[in-house]
Amino acid sequence: MSNIFSTLNPFKLFIKCALPNMISMAFISLYYIVDGIFVGRYLGSDALAALALIMPFIMMSFALSDTIAIGSSVQIAMKLGLGKKKLAEKNF
């Protein structure tokens, strides 16, 4: 498993890395749809409007945290690739 990035076919590697994220996003989207249905049906239109207003802010916070996580993981991977394990641990 530690050497898959240098030995695996690029297409298979892409599928191996992207598929879990795609499945995760599908379930998150399904959650938001079902949540909207239950909120609209049982809590009313005011609660559904509040959910619709706050959801973009939640998505932006997830996007910001993903950006920070991806950027830091790139820096850590670069340091590990250069053999600077202590600096990578410090960045982590």
Side-chain angles (χ1 to χ4, degrees):
M1 182 71 178
S2 64
N3 218 3
I4 66 169
F5 293 105
S6 62
T7 60
L8 205 60
N9 179 5
F11 180 74
K12 289 181 181 178
L13 181 63
F14 176 76
I15 295 299
K16 186 175 182 71
C17 293
L19 194 61
N21 291 325
M22 292 167 32
I23 293 170
S24 171
M25 287 304 296
F27 277 109
I28 289 171
S29 299
L30 182 65
Y31 167 76
Y32 288 138
I33 291 169
V34 171
D35 189 40
I37 290 170
F38 278 103
V39 168
R41 181 170 296 258
Y42 296 111
L43 297 179
S45 60
D46 289 342
L48 185 59
L51 184 66
L53 287 173
I54 199 67
M55 197 55 65
F57 296 108
I58 293 172
M59 295 301 250
M60 283 189 277
S61 68
F62 283 152
L64 180 64
S65 64
D66 282 347
T67 302
I68 293 169
I70 290 168
S72 63
S73 68
V74 167
Q75 294 296 319
I76 292 167
M78 288 172 50
K79 300 295 189 285
L80 287 174
L82 293 172
K84 300 178 180 179
K85 187 176 179 183
K86 292 290 184 186
L87 190 56
E89 289 175 357
K90 183 179 177 185
N91 285 349
F92 179 74

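No hydrogens, no waters, no symmetry mates; every other heavy atom, side chains included, goes into these values.
- For Asn91 against Lys79, the heavy-atom pair with the smallest separation is ND2-CG, 3.6 Å.
- Checked by atom type and distance alone, the side chain of Ser24 never pairs as donor or acceptor with a backbone atom of Pro20 at under 3.5 Å.
- Leu43 and Leu53 fall into different hydrophobic clusters, where Ile, Leu, Val, Met, Phe, Trp and Tyr residues are linked whenever their side-chain heavy atoms come under 4.5 Å apart, directly or through other members.
- Considering all non-hydrogen atoms of both residues, Asn21 and Cys17 come closest at ND2-O, 3.4 Å.
- Here Phe14 contributes atom CZ and Leu8 contributes atom CG; the two are 13.0 Å apart, rounded to the nearest 0.5 Å.
- To the nearest 0.5 Å, atoms CG (Leu80) and CG (Leu87) are separated by 9.5 Å.
- Cluster annotation: Tyr31 is connected to Phe62 through the hydrophobic network of ILVMFWY side chains, with a link wherever side-chain heavy atoms come within less than 4.5 Å.
- In this structure, Ile58 CD1 and Met55 CE are separated by 4.5 Å, a value rounded to the nearest 0.5 Å.
- Annotation for Gly36 and Leu48: closest pair O-CD1, 3.5 Å, computed over non-hydrogen atoms.
- Both Tyr32 and Phe57 sit in one connected hydrophobic cluster of ILVMFWY residues. Membership requires side-chain heavy atoms under 4.5 Å apart, directly or through other members.
- Grouping the Ile, Leu, Val, Met, Phe, Trp and Tyr side chains by contacts below 4.5 angstrom, directly or via other members, places Val39 with Ile54.
- Within a 6.0 Å radius of CG in Asn9, more than 12 heavy atoms belonging to other residues, nucleotides or ligands are found.
- Note: the hydrophobic cluster containing Met60 also contains Leu51 (ILVMFWY, side chain heavy atoms under 4.5 Å, direct or indirect links).
- Counting only heavy atoms from C-beta outward, the side chains of Leu19 and Met22 approach each other to under 4.5 Å.
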